[in-house]
Amino acid sequence: ELQRAKMSIYQPGDKSKAVCWSCEILITTTFALRDVPLVDGSGTARGVLAAVCDLCGNVVAVTSQSTVKAVEATGISKREN
């Protein structure tokens with residue numbers, strides 16, 4: 001039987017832990033709405049809920065619930081056949 005992964009729903013101000021690539025350590029993060037550049041450099045996803053390093057302020061992760069914002073930022077609305 002397949003088990004479904006449990007997806008956490010985060011809110012601004014929630015806390016978590018992650019590795020910060022700038023600080024190079026496991027740190028505490030605070031979720032906040034941020035504008036995040038797309039990996040390919042083609043634009044910015046605005047108002048994305050992200051985990052922000054409490055030490056340096058860099059975005060260290062983006063929540064899965066923010067996927068829609070990232071897709072909207074690419075300008076792709078539907079897959080064309």
Side-chain angles (χ1 to χ4, degrees):
E1 175 180 323
L2 287 175
Q3 292 184 352
R4 292 185 177 209
K6 201 174 188 183
M7 186 171 107
S8 298
I9 303 297
Y10 296 100
Q11 301 293 323
D14 286 353
K15 295 286 194 177
S16 187
K17 290 188 178 188
V19 173
C20 176
W21 298 105
S22 294
C23 298
E24 298 183 339
I25 58 171
L26 180 66
I27 47 82
T28 302
T29 65
T30 303
F31 287 93
L33 296 175
R34 292 287 174 96
D35 294 343
V36 178
L38 299 176
V39 174
D40 66 3
S42 65
T44 300
R46 303 206 181 280
V48 170
L49 187 59
V52 179
C53 176
D54 287 347
L55 294 176
C56 71
N58 286 334
V59 171
V60 297
V62 174
T63 63
S64 58
Q65 69 203 55
S66 292
T67 302
V68 172
K69 295 264 187 192
V71 170
E72 287 172 353
T74 65
I76 300 169
S77 59
K78 285 188 176 181
R79 187 176 183 183
E80 295 182 17
N81 293 329

Engineer: Output all residues satisfying side-chain contact (heavy atoms from CB on, under 4.5 Å) with L33, sequence neighbours left out; order by chain, then residue number.
Structural biologist: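 Partners of L33 under the side-chain contact (heavy atoms from CB on, under 4.5 Å) test: P12, L49.
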Engineer: Checking T63 now: which residues fulfil side chain to side chain donor-acceptor pair (under 3.5 Å) with it, not counting sequence neighbours?
Structural biologist: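 By the side chain to side chain donor-acceptor pair (under 3.5 Å) rule, T63 matches S66.
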Engineer: Side-chain donor-acceptor contacts of residues 15-26 below 3.5 Å, not counting sequence neighbours, with atom names and distances?
Structural biologist:
residue, atom, partner, partner atom, Å
K15, NZ, T30, OG1, 2.6
K15, NZ, D54, OD2, 3.0
S22, OG, N58, ND2, 2.7

Engineer: What pair of heavy atoms forms the shortest contact from V36 to V48, and how long is it?
Structural biologist: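 For V36 versus V48, the nearest heavy atoms are CG2-CB, 4.1 Å.
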Engineer: Among pairs that include at least one residue of residues 23-43, which meet ring-ring contact (aromatic ring centres under 6.0 Å, His included), considering only residues two or more places apart or in two chains?
Structural biologist: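 Every pair satisfying ring-ring contact (aromatic ring centres under 6.0 Å, His included) with a residue in residues 23-43: Y10-F31.
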Engineer: Sequence neighbours left out, what pairs pass ring-ring contact (aromatic ring centres under 6.0 Å, His included) with at least one residue falling in residues 46-67?
Structural biologist: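 Counting only pairs at least two positions apart or across chains, no ring-ring contact (aromatic ring centres under 6.0 Å, His included) contact touches residues 46-67.
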Engineer: If you look only at pairs with a residue in residues 29-39, which of them pass as a salt bridge (charged side-chain N to carboxylate O under 4.0 Å, His left out), with sequence neighbours excluded?
Structural biologist: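 Pairs touching residues 29-39 that pass the test: D35-R46.
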